[in-house]
Structures are given as structure tokens and as C-alpha cells.
**Student:** 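This is the structure I have questions about; it appears just below.
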Amino acid sequence: MKNIIITGGAGFIGSHVVRLFVNKYPEYHIINVDKLTYAGNLANLKDIENKPNYTFVKADICDFETIMGIFKKYNVDGVIHLAAESHVDRSIKDPFTFAQTNVMGTLSMLQAAKLYWEELPEKWEGKRFYHISTDEVYGALELTDPEGIEPPFTTKASSGKHHLAYGSKFFTEDLKYQPHSPYSAAKASSDHFVRAFHDTYGMPTIVTNCSNNYGPYQFPEKLIPLFINNIRHRKPLPVYGKGENVRDWLYVEDHARAIDLIFHKGTIAETYNIGGFNEWKNIDIIKVVINTVDRLLGRKEGEDMELITFVTDRAGHDMRYAIDSTKLQRELGWEPSLQFEEGIEKTVKWYLENQAWMDNVTSGDYQKYYEEMYKNR
Ligand code: NAD
Ligand code: DAU
């Protein structure tokens with residue numbers, strides 16, 4: 001029996017990781033530790049909430065005493081740490097909360113794991129602290145056209161495989177950190193603490209840096225779910241700047257599969273980049289989303305293009321992210337399972353078919369779920 005804490009399991013990516021682990025490993029006990037901030041929604045886990053190998057604990061990762069108590073109560077062997085404040089725009093308005101949760105919260109998780117594991121007869125043996133981070137810590141890449149061709153152009157990066165890119169440079173694991181937003185600065189700091197716990201105390205840690213995720217259960221403040229919902233209700237689509245920024249998109253279940261693989265097979269103290277070589281200019285992805293929503297709603301494809309509204313750019317808006325995940329592909333054999341066209345079709349369908357989920361989130365009713373479902377447990 002392995003007892004594994006997954007922090008932030010009620011959020012977007014965390015809920016996919018919890019679902020995968022609970023279903024795939026009935027011999028594990030998965031303890032979902034989540035504060036249920038605005039981004040935490042237990043309805044994301046309705047399908048597994050009664051499974052015998054799943055426990056939900058409402059707790060703040062910054063509350064060291066409570067976290068220590070959870071380690072002792074459940075004899076925790078492993079941690080997959082996702083809990084964080086995750087939205088760049090919020091970090092620009094409220095950097096303190098990001099430093100508190102992402103830095104102090106991670107430190108509190110690390111210290112609790114250290115104090116608990118150090119006292120065990122086997123110490124670090126069989127233990128693992130896996131920290132989920134972001135590609136944003138590497139900073140921003142430029143848009144370039146080295147071959148004099150209008151990007152995107154076909155390139156090979158170091159993967160050896162051909163793919164489309166908007167520049168000749170990619171984020172590799174050996175790049176120095178250059179975060180720009182308060183969000184990415186806080187994530188960068190938390191990554192440094194995780195590595196410091198390995199280097200100073202010998203804690204078995206792993207860090208991964210992933211690109212933009214998309215898929216079901218993403219909070220509708222992020223580009224794709226926000227725009228799907230706005231198109232449905234024919235509300236304006238606020239495109240920052242000229243919509244020229246480039247993001248590298250990965251289907252969330254492929255991220256969860258990578259986390260599973262790395263948690264079990266990754267080398268201690270290593271960093272792995274996770275991404276699917278799938279760069280898109282914002283304006284192009286927005287057009288794909290509009291066409292897909294229109295088609296699935298039986299509207300004339302493209303008729304909602306008029307909703308596109310260019311607005312003031314995000315402060316410090318990073319131009320381009322592009323992950324080189326060659327190391328993960330080469331060393332552990334991970335590959336994204338979905339082509340982007342398939343993934344975006346699946347995602348749009350999911351949001352349109354789960355309007356009740358979206359209404360629950362946008363009305364704020366989802367925040368009552370914990371009281372309703374857990375008050376008698
Ligand atoms: P999210 O905002 O959807 O979910 C975050 C979860 O953490 C929520 O359930 C929230 O309640 C919980 N949480 C926040 N503060 C907490 C606290 N103090 N104590 C306990 N729980 C708390 O985030 P997400 O998009 O699922 O991202 C999850 C992780 O993955 C984050 O660490 C993020 O930096 C990283 N990441 C996200 C992406 C992406 O595209 N979304 C890409 C790469 C990495
Ligand atoms: O790269 C990984 C990161 O991806 C994660 O670490 C973050 O947690 C996650 O939020 C995401 O960050 P982004 O800032 O890239 O995601 P967001 O969905 O907020 O924005 C995607 C792009 O779309 C970005 O260039 C800003 C732009 N945008 C976003 C919103 C919400 C708009 O043009 N209009 C919008 O309304």
C-alpha cells in the first residue's frame with residue numbers, strides 16, 4: 001500500500017491526476033489535500049469521490065501543523081504537489097497571495113515531508129516528493145524566422161522530429177530561470193526550494209515543467225474555457241494585444257499520464273520538461289475555437305468571429321513559450337496521445353455538453369459542494 005498526497009487535486013490538472021491514480025492504482029491510497037480556493041471544485045471529482053482508495057482533506061498547504069498531521073495520520077510515502085495559485089492575470093493584481101501559496105505553501109509541504117520521513121527507520125527509501133511546475137519559469141522566447149520564412153515554419157528542435165515552430169529556440173531543462181510575472185517568479189522560487197531540499201537534506205525530489213494545458217474542468221478564467229463559454233453566450237472575446245503571442249498546448253490527460261510515468265520511473269533530482277511540440281498563435285487558436293463551437297452548436301462556421309475584441313495587452317506579456325520535451329520522450333518513452341485537432345474537438349464538446357458544470361462555476365454554486373457532500377462524513 002502506498003499512501004500518496006496529491007495537493008491541489010480539486011483544481012484543473014490535479015483532478016485529472018487524482019482520477020488517473022485512483023482508478024489505475026486501487027492498491028494506493030490517494031489523499032487529495034486542497035484548500036478549495038475559488039479554483040478548487042470538488043464536482044470535478046464526482047465520479048471517484050466514493051472510491052475506497054480516495055480521501056479528501058480540506059486543508060491549506062501553508063498551514064504547516066495541519067500538513068504535518070496529515071503526514072502522520074496517513075503514513076504518507078509520496079507527494080505529488082500541484083496546489084498553487086495558477087492564473088497570471090490574478091498574480092499581476094495580487095502578488096502576495098502567489099508568494100504565500102506558491103512559495104510558503106511549497107516550503108511547508110517540503111518541511112513536513114522532511115521532518116516526517118527523516119524520523120522513519122527507512123528514511124528516504126521508497127519516498128518521493130514530486131513538484132509540478134511550469135514552463136513560464138524559463139521566461140519568454142522570441143518570434144523569429146531564421147530561414148526568412150514567415151513563421152510557423154517546420155523545424156526539428158532536438159527531438160529529431162519535425163514540427164511547426166514560431167522561433168528557433170526552445171525551453172530545455174538546462175536553461176537558466178528568467179521568470180517575468182509574479183506567478184512565474186513565485187513558481188521559480190518554489191522550484192528552487194524543492195531542489196534545495198534535495199541538495200541539502202537528500203530528499204528524493206523531482207521537478208517537471210509543463211506547457212499550457214487544455215481540456216475538461218479548467219476554470220473559465222483561462223483562455224480556452226473562457227472563450228468557449230463566451231462564444232456560446234455571444235459575449236465579446238477579449239484578445240490581449242494583437243493576439244500574436246504564442247503558447248504551446250498540451251491536452252491535460254497527456255500531462256497526467258506524464259506525471260504518472262515520471263512519478264514511478266523518473267530519476268531522483270532530475271528535471272523533465274513536458275510538452276507536445278504544439279505551438280499556436282493566440283489569434284489562430286481562437287479562430288479554431290470559434291469555428292469548432294459554431295459547428296457543434298449548429299451555427300454557421302465562423303459567424304462568431306465578430307466577437308473578437310482586441311483589448312489592452314497583459315502587463316509583461318510573455319511573447320512565446322515552446323517546450324522541448326525530448327529528454328522525457330527519449331528517456332522515459334512518453335509521447336502525447338492526442339493530436340491537437342482531436343484534443344480541441346474533444347474539449348469544446350465537453351464544455352458544450354457540460355453546461356451545468358460551467359453554470360455551477362460561473363454562478364459560484366460550486367463553492368457549496370463541499371458543505372453539501374462532506375458535512376456528514
Ligand atoms: P488550478 O488553479 O486549476 O488549481 C489549483 C488548485 O490548488 C485548486 O484546487 C486550489 O483550491 C488549490 N489550492 C490553491 N491554493 C491552495 C492552498 N493554499 N492550499 C491547498 N490547496 C490550494 O491550477 P492548475 O491549472 O490545475 O495547475 C496546477 C499546477 O500545475 C500548478 O502548480 C500550476 O503552476 C501547474 N501548471 C499548470 C499549467 C496549466 O496550463 N494550467 C501548466 C503547467 C504547470
Ligand atoms: O505555460 C503554462 C502556464 O499556462 C501555466 O503555468 C499557467 O498556470 C496557466 O494559467 C497558463 O498561463 P497563460 O498565461 O499562458 O494562460 P492563459 O489561459 O491565461 O492565457 C493564454 C494566452 O491567451 C496568453 O497569451 C494570454 C492570452 N489571453 C488570455 C486570456 C485569459 C487573452 O488574449 N485573453 C484572455 O482573456
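First listed ligand is number 1; within each ligand, the first listed atom is number 1. Hydrogens, waters and symmetry mates play no part in the numbers below; they use all other heavy atoms, side chains included.
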**Student:** Is the distance between the ring centroids of His192 and Tyr177 under 6.0 Å?
**Tutor:**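 Yes, close enough.
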**Student:** Charged N to carboxylate O below 4.0 Å: is that the case for Lys300 and Asp294?
**Tutor:**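 No.
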**Student:** Closer than 4.0 angstrom, basic N to acidic O: yes or no for Glu122 and Lys127?
**Tutor:**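 Lys127 and Glu122: salt-bridged.
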**Student:** Any idea which of Glu85, Glu221, Glu136 brings a heavy atom closest to atom 31 (C) of ligand 2?
**Tutor:**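 Result: the heavy atom closest to atom 31 (C) of ligand 2 is in Glu221.
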**Student:** Within a distance under 4.0 Å of any heavy atom of Asn282, pick out the atoms of ligand 2 and give their elements.
**Tutor:**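 In order of number, 22 (C), 23 (O), 24 (C), 25 (O), 27 (C).
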**Student:** Salt bridge or not between Arg320 and Glu279? Use side-chain N to carboxylate O under 4.0 Å.
**Tutor:**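 Judged by the 4.0 Å cut-off on N to carboxylate O distance, Arg320 and Glu279 do form a salt bridge.
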**Student:** Do any nitrogen or oxygen atoms of Asn245 come within less than 3.5 Å of a nitrogen or oxygen of ligand 2?
**Tutor:**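 The answer is no, given that Asn245 and ligand 2 share no N or O pair closer than 3.5 Å.
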**Student:** Within ligand 2, which atoms have a heavy atom of His87 less than 4.0 Å away?
**Tutor:**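 Ligand 2 atoms under the 4.0 Å threshold to His87: 19 (O).
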**Student:** What is the ring orientation for Tyr183 with Phe98, classed by angle as parallel under 30°, tilted 30 to 60°, or perpendicular over 60°?
**Tutor:**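 Rings of Tyr183 and Phe98: perpendicular, as their planes differ by over 60°.
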**Student:** Does Glu85 pair with Lys35 as a salt bridge, N-O distance under 4.0 Å?
**Tutor:**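 Here Glu85 does not pair with Lys35 in a salt bridge, since their nearest N and O are not under 4.0 Å apart.
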**Student:** Taking atom types as modelled, find out whether Asn23 and Lys51 have a side-chain donor-acceptor pair closer than 3.5 angstrom.
**Tutor:**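 A donor-acceptor contact under 3.5 Å links the two side chains.
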**Student:** Which ligand 2 atoms, with their elements, are less than 4.0 angstrom from a heavy-atom of Leu226?
**Tutor:**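 With Leu226 as reference, the close atoms of ligand 2 come out as 36 (O).
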**Student:** Any nitrogen or oxygen of Tyr183, side chain or backbone, less than 3.5 Å from one on ligand 2?
**Tutor:**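 Yes.
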**Student:** With a cut-off of 4.0 Å, which atoms of ligand 2 are near a heavy atom of Thr134?
**Tutor:**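 In order of number, 1 (O), 2 (C), 3 (C), 5 (C), 6 (O).
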**Student:** Is the distance between the ring centroids of Phe340 and Trp280 under 6.0 Å?
**Tutor:**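 Ring centres of Trp280 and Phe340 closer than 6.0 Å.
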**Student:** At a 4.0 Å threshold, what atoms of ligand 2 neighbour a non-hydrogen atom of Pro238?
**Tutor:**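 Those of ligand 2 that fall under 4.0 Å from Pro238 are 32 (C), 33 (O), 34 (N), 35 (C), 36 (O).
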**Student:** Please list, chain by chain and in numerical order, all residues satisfying ring-ring contact (aromatic ring centres under 6.0 Å, His included) with His87, sequence neighbours excluded.
**Tutor:**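 His87: no ring-ring contact (aromatic ring centres under 6.0 Å, His included) contacts found.
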**Student:** Examine Ser211 against ligand 2 and note whether any of their N/O atoms are separated by less than 3.5 Å.
**Tutor:**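 No, no N or O pair falls under 3.5 Å.
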**Student:** Excluding sequence neighbours, so at least two apart, what forms salt bridge (Lys or Arg N to Asp or Glu O under 4.0 Å) with Glu353?
**Tutor:**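 So Glu353 forms no salt bridge (Lys or Arg N to Asp or Glu O under 4.0 Å) with any residue.
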**Student:** For Asp135, counting its heavy atoms only, list the atoms of ligand 2 lying under 4.0 Å from any of them.
**Tutor:**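 Near Asp135, the atoms of ligand 2 are 1 (O), 2 (C).
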**Student:** Taking distance alone, with N or O pairs closer than 3.5 Å, would you say Val239 contacts ligand 2?
**Tutor:**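 Val239 vs ligand 2: no N/O contact under 3.5 Å.
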**Student:** Within the structure, does Phe227 bring an N/O atom to less than 3.5 angstrom of an N/O atom in ligand 2?
**Tutor:**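 No, no N or O pair falls under 3.5 Å.
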**Student:** Using a strict threshold of under 4.0 Å (side-chain N to carboxylate O), is an ion pair present between Glu27 and Lys2?
**Tutor:**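 Here Lys2 does not pair with Glu27 in a salt bridge, since their nearest N and O are not under 4.0 Å apart.
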**Student:** With the threshold set at under 4.0 angstrom, would you say Lys187 reaches ligand 2 through any of its heavy atoms?
**Tutor:**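 Flag not set, Lys187 not near ligand 2.
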**Student:** Do ligand 2 and Ser86 have nitrogen or oxygen atoms that lie under 3.5 Å from each other?
**Tutor:**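 Yes: some nitrogen or oxygen of Ser86 is under 3.5 Å from one in ligand 2.
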**Student:** Can you tell me how the ring of Phe21 sits relative to the ring of Tyr25, calling it parallel under 30°, perpendicular over 60° and tilted otherwise?
**Tutor:**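 Taking Tyr25 first and then Phe21, their aromatic rings sit tilted (interplane angle of 30° to 60°).
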**Student:** Check side chain to side chain donor-acceptor pair (under 3.5 Å) between Ser86 and all other residues, then give those that pass, not counting sequence neighbours.
**Tutor:**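 In terms of side chain to side chain donor-acceptor pair (under 3.5 Å), with neighbours along the sequence ignored, Ser86 is linked to Lys222.
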**Student:** Under 4.0 Å from a heavy atom of Lys222: give me the atoms of ligand 2 that qualify, with their elements.
**Tutor:**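 In order of number, 10 (O), 18 (O).
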**Student:** Can you measure from OH (Tyr130) to OG1 (Thr205) and round to the nearest 0.5 angstrom?
**Tutor:**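 One finds 12.0 Å between OH of Tyr130 and OG1 of Thr205.
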**Student:** Give every pair formed by an N or O atom of ligand 1 and a protein N or O atom closer than 3.5 Å, one pair per line with both atom names and the distance to 0.1 Å, or write none.
**Tutor:**
| unit_1 | atom_1 | unit_2 | atom_2 | d |
| --- | --- | --- | --- | --- |
| ligand 1 | 2 (O) | Ser86 | OG | 2.7 |
| ligand 1 | 3 (O) | Phe12 | N | 3.1 |
| ligand 1 | 9 (O) | Gly11 | N | 2.9 |
| ligand 1 | 9 (O) | Asp34 | OD1 | 3.3 |
| ligand 1 | 9 (O) | Asp34 | OD2 | 2.5 |
| ligand 1 | 11 (O) | Asp34 | OD1 | 2.5 |
| ligand 1 | 11 (O) | Thr37 | N | 3.1 |
| ligand 1 | 11 (O) | Thr37 | OG1 | 3.1 |
| ligand 1 | 18 (N) | Asp60 | OD1 | 2.9 |
| ligand 1 | 19 (N) | Ile61 | N | 3.0 |
| ligand 1 | 21 (N) | Lys35 | N | 3.0 |
| ligand 1 | 23 (O) | Ser86 | OG | 3.3 |
| ligand 1 | 26 (O) | Phe12 | N | 3.4 |
| ligand 1 | 26 (O) | Ile13 | N | 2.8 |
| ligand 1 | 32 (O) | Leu82 | O | 2.9 |
| ligand 1 | 32 (O) | Lys187 | NZ | 2.6 |
| ligand 1 | 34 (O) | Tyr183 | OH | 2.6 |
| ligand 1 | 34 (O) | Lys187 | NZ | 3.1 |
| ligand 1 | 40 (O) | Asn213 | N | 2.8 |

**Student:** At less than 4.0 angstrom from any non-hydrogen atom of His317, what atoms of ligand 2 do you find?
**Tutor:**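 Close to His317: 24 (C), 25 (O), 26 (C).
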